[in-house]
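Worksheet: the structure to be examined is printed underneath.
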Number of protein chains: 2
Amino acid sequence: MSQKGEGVDLETSLGYLLKEASSALRVAMEEVLRPLGMSITHYSCLELLAQRPGLSNSELARGAFVTRQSMNVLLQALERDGYVTRPAEAPVGKSLPARLTPRGRRSLEKATAAVRSVEVRMLSGMTETERSAAFRSLQSMIRSLRGDSDGSSESA
Amino acid sequence: MSQKGEGVDLETSLGYLLKEASSALRVAMEEVLRPLGMSITHYSCLELLAQRPGLSNSELARGAFVTRQSMNVLLQALERDGYVTRPAEAPVGKSLPARLTPRGRRSLEKATAAVRSVEVRMLSGMTETERSAAFRSLQSMIRSLRGDSDGSSESA
DNA sequence: CAAGGTATGTCAGAATACTGACATGAGTCA
DNA sequence: TGACTCATGTCAGTATTCTGACATACCTTG
């Protein structure tokens with residue numbers, strides 16, 4: 001609108017580009033999830049539970065990159081609407097393992113397909129080599145930002 | 001906490017990894033900006049104005065990946081506090097070109113240094129080749145997500 | 001066993017961003 | 001000129017997320 005608006009410095013910043021890519025992904029996901037009446041955090045929660053049944057509220061929050069308070073609000077709504085169940089009593093400690101109900105699983109199906117299609121589109125212009133290069137790059141950035149000296153497999 | 005929590009499918013998804021990286025960057029930026037009493041959007045707005053003086057509210061919103069309504073709230077606060085100035089009348093059309101005041105410029109200095117240091121840390125483990133590969137990968141993802149067939153220089 | 005540290009679930013309030021809506025100004029086109 | 005489209009600035013209300021705080025449960029350490 002005012003000028004061309006290119007090539008100052010922002011356009012050479014990997015941080016800005018990362019935010020730009022993330023924003024584009026968010027917009028694209030919201031676009032396909034909106035018709036299903038589902039937000040990104042909503043979808044993330046269900047997807048996490050599908051792939052790792054029994055995750056606690058705090059674990060879901062970490063997996064969806066929100067605070068456990070925010071996830072708690074969502075989880076209570078999902079529980080109220082019958083997409084998720086949690087035991088009344090914690091089997092151990094305080095953490096309540098959550099699980100998808102059949103209804104939750106059914107609701108997730110379409111969303112998963114929609115999100116997969118977005119990811120496929122995102123990767124459409126890249127070769128397999130480029131994809132794995134991007135994968136390693138992102139992992140490296142995450143590791144550096146978190147201040148780890150190791151970040152690939154610390155379980156064993 | 002429950003299990004190890006690895007290797008299901010999320011860990012192989014570039015979309016999830018992108019969100020993870022973006023989240024790590026956001027957390028790191030918030031961490032260094034908080035002592036300066038500045039949010040990310042707040043910083044983004046000032047940085048955009050420093051690099052492209054005269055941007056309008058809507059243009060700033062696009063550059064910071066928020067709606068123009070959200071940016072407007074921020075701009076009004078920045079204007080009220082003397083970091084930014086906008087003319088009372090639009091020189092042409094309705095868009096009001098915003099500019100940093102000396103105070104805004106001074107406030108931005110420390111923030112820029114802090115954010116730069118985060119970006120440096122993020123890239124610390126990567127070679128120059130890896131960085132440009134990551135750059136191209138992210139650009140490709142953005143282009144594909146937005147559905148463009150061309151996305152590098154459409155001004156001329 | 002007692003004490004400290006860590007992690008969890010949850011409530012409450014504040015901050016932030018979003019959607020919807022309206023009026024204005026500029027450009028296009030018949 | 002007049003109708004149409006598009007972009008902008010702005011107001012209002014809603015929604016989502018966050019920070020702060022508290023009590024509880026486990027685990028270590030002395």
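Owing to the predicted nature of the structure, the values given are computational and were not obtained by experimental measurement. Chain A is the first sequence line, chain B the second, and so forth, proteins listed ahead of strands; every chain is numbered from 1.
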Listed by chain and number, what are the salt bridge (charged side-chain N to carboxylate O under 4.0 Å, His left out) partners of [X], not counting sequence neighbours?
{"X": "A:Arg103", "answer": "none"}
{"X": "B:Glu31", "answer": "none"}
{"X": "B:Glu79", "answer": "B:Arg86"}
{"X": "B:Glu30", "answer": "B:Arg26"}

What is the distance, to the nearest angstrom, from the [atom1] atom on [X] to the [atom2] atom on [N]?
{"X": "A:Leu60", "N": "C:dG9", "atom1": "CG", "atom2": "P", "answer": "9 Å"}
{"X": "A:Gln76", "N": "D:dT17", "atom1": "CD", "atom2": "P", "answer": "14 Å"}
{"X": "A:Glu59", "N": "C:dT8", "atom1": "CD", "atom2": "C1'", "answer": "10 Å"}
{"X": "B:Ile40", "N": "D:dC18", "atom1": "CD1", "atom2": "C1'", "answer": "13 Å"}
{"X": "B:Glu79", "N": "D:dG9", "atom1": "CD", "atom2": "C1'", "answer": "12 Å"}
{"X": "A:Arg86", "N": "C:dT10", "atom1": "CZ", "atom2": "C1'", "answer": "10 Å"}
{"X": "B:Leu74", "N": "C:dT16", "atom1": "CG", "atom2": "C1'", "answer": "10 Å"}
{"X": "B:Asn57", "N": "D:dA7", "atom1": "CG", "atom2": "C1'", "answer": "12 Å"}

Pairs where [range] contributes a residue and the test ring pair (Phe, Tyr, Trp, His ring centres under 6.0 Å) is met, not counting sequence neighbours:
{"range": "residues 18-42 of chain B", "value": "none"}
{"range": "residues 56-93 of chain A", "value": "A:Phe65-B:Tyr16"}
{"range": "residues 101-145 of chain A", "value": "none"}

Between A:Ser22 and B:Ser22, do the side chains contain an N or O donor and an N or O acceptor separated by less than 3.5 Å?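 Yes, side-chain donor-acceptor contact under 3.5 Å.
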Short side-chain donor-acceptor distance under 3.5 Å, A:Glu130 and B:Ser140: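 No, no side-chain donor-acceptor pair sits under 3.5 Å.
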Please, which pairs that meet side-chain hydrogen bond (donor to acceptor under 3.5 Å, both in side chains) have at least one residue in residues 63-73 of chain B, sequence neighbours excluded?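 Output for this query lists B:Thr67-B:Ser70.
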Given axes from five pairs at either end, by how many degrees does the helix from C:dC1-D:dG30 to C:dA30-D:dT1 bend, rounded to 10°?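 Answer rounded to 10°: the end axes differ by 30°.
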Let me check something: any side-chain donor-acceptor pairs from residues 104-113 of chain B under 3.5 Å, sequence neighbours excluded? List them with distances.
residue  : atom : partner  : partner atom : Å
B:Arg105 : NH2  : B:Leu100 : O            : 3.3
B:Thr112 : OG1  : B:Glu47  : OE1          : 2.9
B:Thr112 : OG1  : B:Leu108 : O            : 3.2

Would you say a side-chain N or O of [X] is under 4.0 Å from OP1 or OP2 of [N]?
{"X": "A:Ser95", "N": "C:dG9", "result": "no"}
{"X": "B:Asn72", "N": "D:dG9", "result": "no"}
{"X": "B:Thr41", "N": "C:dA17", "result": "yes"}
{"X": "A:Arg62", "N": "C:dT8", "result": "yes"}

Could you go over nucleotides 25-28 of chain D and give all protein N or O partners under 3.5 Å, atom names and distances?
residue : atom : partner : partner atom : Å
D:dC26  : OP1  : A:Gly93 : N            : 3.2

Under-3.5 Å N/O pairs linking protein and nucleotides 18-21 of chain C:
residue : atom : partner : partner atom : Å
C:dC18  : OP2  : B:Thr67 : N            : 2.9
C:dC18  : OP2  : B:Thr67 : OG1          : 3.2
C:dC18  : OP2  : B:Ser70 : OG           : 2.9
C:dG20  : O6   : B:Gln69 : NE2          : 3.1

Which one, C:dT10, D:dT10, D:dT8, comes nearest to the side chain of B:Leu96?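 Among C:dT10, D:dT10, D:dT8, the one nearest the side chain of B:Leu96 is D:dT10.
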Min side-chain heavy-atom separation B:Val115-B:Ile40 under 4.5 Å: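 Of all side-chain heavy-atom pairs linking B:Ile40 with B:Val115, none is under 4.5 Å.
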